[in-house]
**Student:** 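Below is one structure. I have some questions about it.
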Amino acid sequence: MLQEIKKYFEKSADDQRLTSSERRAINTVLTDAHLNPSQMGDLRSTLFKIAKSELTHLNVTDVLKWLEDANKLLNKQVAPSGVKEHVFFSPGEACRDAIIQTIRQARAHINICVFTISDNSLANEIIKKFKEKVKIRIITDNDKVFDKGSDIETLNTVGIPVKIDKTSNHMHHKFATVDGRILINGSYNWTRSAFAYNNENVVISDNASTIEAFNKEFERLWKSFPDL
């Protein structure tokens with residue numbers, strides 16, 4: 001998709017101007033592509049490369065106008081959404097702290113869908129929010145429930161409903177949504193070894209369309225899995 005968008009811009013630069021039809025076509029493709037920040041940066045670099053290749057001493061004004069108009073199309077994709085995303089990496093406490101701080105923001109409900117939970121710091125935060133009357137649901141993998149150090153039984157014992165898969169395959173998701181408006185997602189397992197040793201990542205996002213997709217996946221699994 002990114003290469004297709006680049007070709008649209010390259011074609012539009014042939015006459016050093018963006019026509020109305022070109023603007024509409026490119027804007028539609030950009031909207032459908034949902035480019036991440038890294039891809040948007042790559043695309044901006046491409047615009048400057050195109051402008052440089054088109055530049056001569058005779059058409060400076062036209063090329064700069066094309067570049068300005070092309071860049072406005074990219075800005076249109078970023079500015080209105082106001083989406084905030086933050087990325088964290090382990091080993092180290094950054095991922096765990098990000099999860100804890102996001103859990104602490106919960107006011108109504110938290111849906112947790114993770115392979116396993118064995119980090120007592122995370123389990124304690126979950127229990128604390130549950131005691132504050134925040135509705136919490138957990139989906140996890142059946143093979144990990146009874147592992148040494150697992151906190152799943154403890155969480156279930158205090159009253160938090162837990163559902164598990166009943167297959168030889170794994171429920172391998174690692175995501176959670178808070179109040180339906182914040183997403184926690186990434187490779188990071190909610191375990192002590194994840195923050196102490198593993199190379200992992202966590203992304204905290206308020207992207208509404210992405211959160212909606214994860215909420216739907218959670219509800220699908222919640223309906224299909226049995227209680228612990």
**Student:** Once you round to the nearest 0.5 Å, how far does CE of Met171 lie from NZ of Lys144?
**Tutor:**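 Taking CE in Met171 and NZ in Lys144, the distance rounds to 12.0 Å.
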
**Student:** With heavy-atom distances below 4.5 Å as the criterion, would you say the side chains of Ser121 and Arg96 are in contact?
**Tutor:**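 Yes. Closest side-chain heavy atoms under 4.5 Å.
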
**Student:** Which atoms form the tightest heavy-atom contact between Thr191 and Ala194, and what is the distance?
**Tutor:**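 Looking at all heavy atoms of both residues, the closest pair is OG1-N, 3.2 Å.
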
**Student:** Between the side chains of Asn198 and Ser90, does any donor sit under 3.5 Å from an acceptor?
**Tutor:**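 Asn198 vs Ser90: no donor-acceptor pair found between side chains.
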
**Student:** Taking Ser150 for its side chain and Val145 for its backbone only, find out whether a donor-acceptor pair lies under 3.5 Å.
**Tutor:**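 Yes; judged by distance alone, with no hydrogens or angles, the pair exists.
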
**Student:** Under 4.0 Å between a Lys/Arg side-chain N and an Asp/Glu carboxylate O for Arg104 and Glu132?
**Tutor:**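 No salt bridge links Arg104 with Glu132.
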
**Student:** Report the C-alpha separation of Arg107 and Lys129 in whole Å, then their side-chain angles, then the decisive distance to 0.1 Å, and conclude whether the side-chain contact (heavy atoms from CB on, under 4.5 Å) test is met.
**Tutor:** CA-CA 8 Å; Arg107 295 295 178 265; Lys129 297 307 293 188; 3.8 Å; yes

**Student:** Determine the minimum heavy-atom distance between Lys174 and Asn189, stating which atoms define it.
**Tutor:**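 For Lys174 versus Asn189, the nearest heavy atoms are CE-OD1, 2.9 Å.
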
**Student:** Answer with yes or no whether the hydrophobic clustering places Phe48 together with Ile26; edges join I, L, V, M, F, W, Y residues whose side-chain heavy atoms lie under 4.5 Å apart.
**Tutor:**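 In one cluster with Phe48: Ile26, yes.
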
**Student:** Under 4.5 Å side-chain heavy-atom separation, chaining through any Ile, Leu, Val, Met, Phe, Trp or Tyr, what else clusters with Phe115? Say none if it is isolated.
**Tutor:**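 Noted: Phe115 shares its cluster with no other residue.
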
**Student:** Can you confirm whether Arg181 sits close enough to Asp206 that some side-chain heavy atom of one is under 4.5 Å from a side-chain heavy atom of the other?
**Tutor:**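 When only atoms from C-beta onward are counted, Asp206 and Arg181 do not touch, as no gap falls below 4.5 Å.
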
**Student:** Hey, what do you get for CG (Leu122) to CD1 (Ile127), rounding to the nearest 0.5 Å?
**Tutor:**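 One finds 11.0 Å between CG of Leu122 and CD1 of Ile127.
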
**Student:** What's the shortest heavy-atom distance between Cys113 and Phe218, and which atoms?
**Tutor:**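 Smallest heavy-atom distance, with atoms named: CB-CD1, 3.9 Å.
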
**Student:** Okay, side chain of Asn185, backbone of Phe175: is any donor-acceptor separation there less than 3.5 Å?
**Tutor:**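 No.
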
**Student:** Name each donor-acceptor pair under 3.5 Å that joins a side chain in residues 209-216 to protein atoms two or more places apart or in another chain, with its distance.
**Tutor:**
| unit_1 | atom_1 | unit_2 | atom_2 | d |
| --- | --- | --- | --- | --- |
| Ser209 | OG | Asn207 | OD1 | 2.8 |
| Thr210 | OG1 | Asn207 | OD1 | 3.2 |
| Asn215 | OD1 | Thr177 | OG1 | 2.9 |
| Asn215 | ND2 | Ile211 | O | 3.4 |

**Student:** Give, for atom CD1 of Ile152 and atom CD1 of Ile160, the distance between the pair rounded to the nearest 0.5 Å.
**Tutor:**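 Interatomic distance, Ile152 CD1 to Ile160 CD1, rounded to 0.5 Å: 9.0 Å.
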
**Student:** Which pair of heavy atoms, one from Glu219 and one from Asn111, lies closest together, and at what distance?
**Tutor:**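 Where Glu219 meets Asn111 most closely, the heavy atoms are OE2-ND2, 4.2 Å.
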
**Student:** Please examine the side chains of Ile103 and Lys128, heavy atoms only from C-beta on, and report whether any two atoms are closer than 4.5 Å.
**Tutor:**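 In short, these two side chains do not touch, never coming nearer than 4.5 Å.
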
**Student:** Look up atom CZ in Phe88 and atom CD in Glu200, then write down how far apart they are to the nearest 0.5 Å.
**Tutor:**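 That separation rounds to 15.5 Å.
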
**Student:** With a 3.5 Å distance limit and no angle check, can you tell me whether Asp179 reaches the backbone of His109 through a side-chain donor-acceptor pair?
**Tutor:**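 Looks like yes, one N/O pair under 3.5 Å.
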
**Student:** Decide whether Tyr188 and Leu183 are clustered together by the hydrophobic rule: side chain heavy atoms of Ile, Leu, Val, Met, Phe, Trp, Tyr closer than 4.5 Å, transitively.
**Tutor:**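 In one cluster with Tyr188: Leu183, no.
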
**Student:** Could you state whether Ile112 and Val158 fall into the same hydrophobic cluster, counting links through intermediate Ile, Leu, Val, Met, Phe, Trp or Tyr residues with side-chain heavy atoms under 4.5 angstrom apart?
**Tutor:**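 Ile112 clusters together with Val158.
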
**Student:** Is there a side-chain contact between Ile204 and Ile182 in this structure, where contact means two heavy atoms from C-beta onward sitting under 4.5 Å apart?
**Tutor:**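 Yes, side chains in contact.
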
**Student:** What closest approach, in Å, do Asp165 and Thr167 show between heavy atoms, and which atom pair accounts for it?
**Tutor:**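 Smallest heavy-atom distance, with atoms named: OD2-OG1, 3.4 Å.
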
**Student:** So if you build clusters from Ile, Leu, Val, Met, Phe, Trp, Tyr with side-chain heavy-atom gaps below 4.5 Å, do Ile139 and Val134 land together?
**Tutor:**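 Hydrophobic grouping puts Ile139 apart from Val134.
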
**Student:** I want to check something: taking the side chain as every heavy atom from C-beta on, are Ile117 and Thr140 in contact at a cut-off of under 4.5 Å?
**Tutor:**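 No, too far: nothing below the 4.5 Å cut-off.
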
**Student:** Quick one: do Lys7 and Glu4 make a salt bridge, cutoff under 4.0 Å?
**Tutor:**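 Not counted as a salt bridge, because no side-chain N and carboxylate O are separated by less than 4.0 Å.
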
**Student:** How long is the straight-line distance from CD1 of Ile184 back to CD1 of Ile99, given to the nearest 0.5 Å?
**Tutor:**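 Separation between the atoms: 6.0 Å.
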
**Student:** Trp190 and Thr116: which non-hydrogen atoms are nearest, and at how many Å?
**Tutor:**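 Looking at all heavy atoms of both residues, the closest pair is CB-O, 3.6 Å.
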
**Student:** For Asn120, is there any backbone N or O sitting under 3.5 Å from a side-chain donor or acceptor partner on Asn124?
**Tutor:**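 Yes; judged by distance alone, with no hydrogens or angles, the pair exists.
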
**Student:** Which distance, rounded to the nearest 0.5 Å, do you find between the CG of Leu155 and the CD1 of Ile136?
**Tutor:**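 These two atoms lie 8.5 Å from each other.
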
**Student:** With heavy-atom distances below 4.5 Å as the criterion, would you say the side chains of Phe9 and Thr46 are in contact?
**Tutor:**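 Result no, sub-4.5 Å side-chain heavy-atom pair not found.
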
**Student:** Show me, pair by pair, the donor-acceptor contacts under 3.5 angstrom made by side chains of residues 221-228, not counting sequence neighbours?
**Tutor:**
| unit_1 | atom_1 | unit_2 | atom_2 | d |
| --- | --- | --- | --- | --- |
| Ser224 | OG | Arg220 | O | 3.2 |
| Ser224 | OG | Leu221 | O | 3.2 |

